[in-house]
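The structure displayed is predicted, hence computed values, not measured ones.
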Amino acid sequence: MAMASDTLSISKDLRAAGFNEQQANALAMHMAGIPANPASREDLALAVSQLESRIDQVESRLDVRIDQVESRLLLKLGAGMAAGFGLVLTAISIGVGVILNQLG
């Protein structure tokens with residue numbers, strides 16, 4: 001059979017084998033779009049390996065970023081809790097002062 005890109009030869013061969021003209025032309029056009037050298041199993045295995053390696057790199061960087069964000073959140077949470085605790089102590093101190101002023 002002819003090369004995949006030679007649609008006229010493919011169509012003629014298919015018509016000689018019993019396909020009608022419309023079927024032969026449709027199949028020939030489809031076959032012309034098929035690459036002459038499709039990827040081998042080795043090519044696919046290499047591509048998968050490269051993708052897995054890249055995914056591992058991205059996951060590592062993402063883990064580092066998550067750790068950084070967690071650290072910043074903990075610091076901010078701690079600072080917020082300390083400020084809140086300070087406000088509560090101040091409110092208690094003012095309340096005690098008001099009560100003592102009213103008693104004395």
State the [atom1]-[atom2] distance between [X] and [Y], to the nearest 0.5 angstrom.
| X | Y | atom1 | atom2 | answer |
| --- | --- | --- | --- | --- |
| Asp13 | Leu27 | CG | CG | 11.0 Å |
| Ile99 | Ile92 | CD1 | CD1 | 10.5 Å |
| Asn25 | Thr7 | CG | OG1 | 8.0 Å |
| Ile10 | Met31 | CD1 | CE | 4.5 Å |

Does [Y] offer a backbone N or O that forms a donor-acceptor pair with the side chain of [X] under 3.5 Å?
| X | Y | result |
| --- | --- | --- |
| Gln23 | Asn20 | yes |
| Asp63 | Ser60 | no |
| Ser49 | Ala45 | no |

**Study point:** Residue pair Ser11 / Ala28: nearest heavy atoms and the distance that separates them
**Key:** N-CB, 3.8 Å
Exercise for review: From the options Glu52, Gln57, Gln50, select the one residue that forms a side-chain hydrogen bond (donor to acceptor under 3.5 Å, both in side chains) with Arg54.
Suggested key: Gln57
Review point. Does Phe85 share a hydrophobic cluster with Leu77, counting links as ILVMFWY side-chain heavy atoms below 4.5 Å and allowing steps through other members?
Key: no
Review point. Should Leu74 and Ile66 be regarded as members of a common hydrophobic cluster, given that ILVMFWY residues are connected when their side-chain heavy atoms come within less than 4.5 Å of each other, either directly or indirectly?
Key: no
Point to revise | Residues clustered with Leu51, ILVMFWY side-chain links under 4.5 angstrom | key: none
Point to revise | Audit row: Leu46, Glu42, side chain to side chain contact (heavy atoms under 4.5 Å, CB included) steps and yes/no | key: CA-CA 6 Å; Leu46 177 62; Glu42 292 80 19; over 6 Å; no
Practice item. Decide whether Asp56 and Ser53 meet the rule of one side-chain donor and one side-chain acceptor closer than 3.5 Å. Key: no
